[in-house]
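Computed from heavy atoms alone, side chains included, the values below leave out hydrogens, waters and symmetry copies.
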Amino acid sequence: MSELGIGSTILVKDVMSSPVITVYEDETVKKVASLMEKHNIGCVIVNSKSEKPIGIITERDLVVRVMAKDLRPSEVTAKEIMSTPLKKVDPEETVSEAARIMSRENVRRLVVIYKGQLVGIVSSKDILAVTPELIDIIREKAKIESSEELTENPPLAGYCDCL
């Protein structure tokens, strides 16, 4: 999209979710699931005791690492099932670049870090939500470019009365 001149149009900070729901690494998976239900979210970020984000727990993590193994959520800690390392993006990065990172890293969510602090999370769903706007921008840009081209190089028109 950046090659079309619209890459800087929408930034990660414009589409990210904030604030982010977090848990400490020693919290139980039961609490994680309760927070996800309470806030109607698909993931939580796991923080160390020093408040640094160290992992993520998604709904898929709960299914694959707890339920499929028949573990008791009240006896498993967040640290035991979290996915690491976190994949990060800067809030000033373009949505296009965030999508590229997600594709390259094979993840659906990126944590947004600004000056070493967790400020948000951006998901593939957030990016898909702005896709129609990007398509509209591409169409408008194409119309402008084609009208400029016609102005600079008007088609030669006329008729011949050679008969």
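- Distance check, rounded to the nearest 0.5 Å: CD of Glu51 to OH of Tyr24 gives 3.0 Å.
- Taking all atoms of both residues into account, the shortest heavy-atom contact from Ala98 to Val12 is CB-CG2, 3.8 Å.
- With rounding to the nearest 0.5 angstrom, the CG atom of Asp26 is 10.5 Å from the OG atom of Ser48.
- Lys38 NZ to Lys31 NZ: the interatomic distance, rounded to the nearest 0.5 Å, is 9.0 Å.
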Exercise. Stepwise, does the side chain to side chain contact (heavy atoms under 4.5 Å, CB included) test hold for Lys88 with Glu93?
Worked result: CA-CA 11 Å; Lys88 304 170 186 174; Glu93 195 60 73; over 6 Å; no
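- Around atom CZ of Arg72, no more than 12 heavy atoms belonging to other residues, nucleotides or ligands sit under 6.0 Å away.
- Taking 4.5 Å as the limit, every side-chain heavy atom of Ile54 sits out of range of all side-chain heavy atoms of Leu86.
- Between Asp126 and Arg109 no salt bridge is recorded (no basic side-chain N to carboxylate O distance below 4.0 Å).
- Of the N and O atoms on the side chains of Glu80 and Thr77, at least one donor lies less than 3.5 Å from an acceptor on the other residue.
- Partner of Met16 under the side chain to side chain contact (heavy atoms under 4.5 Å, CB included) criterion, out of Ile121, Val119, Val95: Val119 alone.
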For this session: Take Leu118 and Thr22 through the test side chain to side chain contact (heavy atoms under 4.5 Å, CB included) and record every step on the way to the result.
Result: CA-CA 10 Å; Leu118 174 68; Thr22 62; 3.9 Å; yes
For this session: May I have the step-by-step check of side chain to side chain contact (heavy atoms under 4.5 Å, CB included) for Met102 and Ile127, ending in yes or no?
Result: CA-CA 11 Å; Met102 286 180 188; Ile127 293 172; 3.8 Å; yes
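- Taking all atoms of both residues into account, the shortest heavy-atom contact from Thr28 to Ser74 is CG2-O, 3.6 Å.
- Distance SG/Cys43 to CG/Leu62: 10.5 Å, rounded to 0.5 Å.
- Ser34 places a side-chain N or O within 3.5 Å of a backbone atom of Lys30 that can act as its donor or acceptor partner.
- Residues Val107 and Ile57 do not share a hydrophobic cluster, defined by chaining ILVMFWY side chains whose heavy atoms lie under 4.5 Å apart.
- Looking only at side-chain heavy atoms (C-beta outward), Val111 and Ile45 come within less than 4.5 Å of each other.
- Applying the 6.0 Å contact sphere to CD of Glu105 captures more than 12 heavy atoms from other residues, nucleotides or ligands.
- Going from atom CD1 of Ile101 over to atom CG of Asp90 covers 9.5 Å, rounded to the nearest 0.5 Å.
- Remark: Lys87 NZ is packed, more than 12 non-hydrogen atoms of other residues, nucleotides or ligands lying under 6.0 Å away.
- The shortest heavy-atom contact between Gly120 and Ser18 is CA-CB, 4.3 Å.
- When all heavy atoms of Gly55 and Thr84 are compared, the pair lying nearest together is CA-CG2, 3.8 Å.
- Taken together through direct or relayed side-chain contacts under 4.5 Å among Ile, Leu, Val, Met, Phe, Trp and Tyr, Val44 and Ile56 form parts of separate hydrophobic clusters.
- A continuous path of Ile, Leu, Val, Met, Phe, Trp and Tyr side chains, each step under 4.5 Å between heavy atoms, connects Val32 with Val66, placing both in one hydrophobic cluster.
- Here the straight-line distance linking atom NZ of Lys13 with atom OH of Tyr114 works out to 8.5 Å at 0.5 Å rounding.
- Under the 4.5 Å side-chain heavy-atom criterion for ILVMFWY residues, no single connected hydrophobic cluster contains both Val122 and Leu128.
- Salt bridge status for Glu25 with Lys49: absent, with no side-chain N to carboxylate O gap under 4.0 Å.
- At least one side-chain heavy atom of Ile41 sits less than 4.5 Å from a side-chain heavy atom of Ile21.
- Within the 4.5 Å cutoff, the side chain of Pro53 has no heavy atoms near those of the Val46 side chain.
- Linking Ile, Leu, Val, Met, Phe, Trp and Tyr residues whenever their side-chain heavy atoms come within less than 4.5 Å leaves Met82 and Ile113 in two separate clusters.
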For this session: Applying side chain to side chain contact (heavy atoms under 4.5 Å, CB included), run through Leu11 and Thr94 and close with a yes or a no.
Result: CA-CA 4 Å; Leu11 302 177; Thr94 64; 4.2 Å; yes
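- Within the 3.5 Å criterion, the main-chain N or O of Ile81 finds a donor-acceptor partner in the side chain of Arg65.
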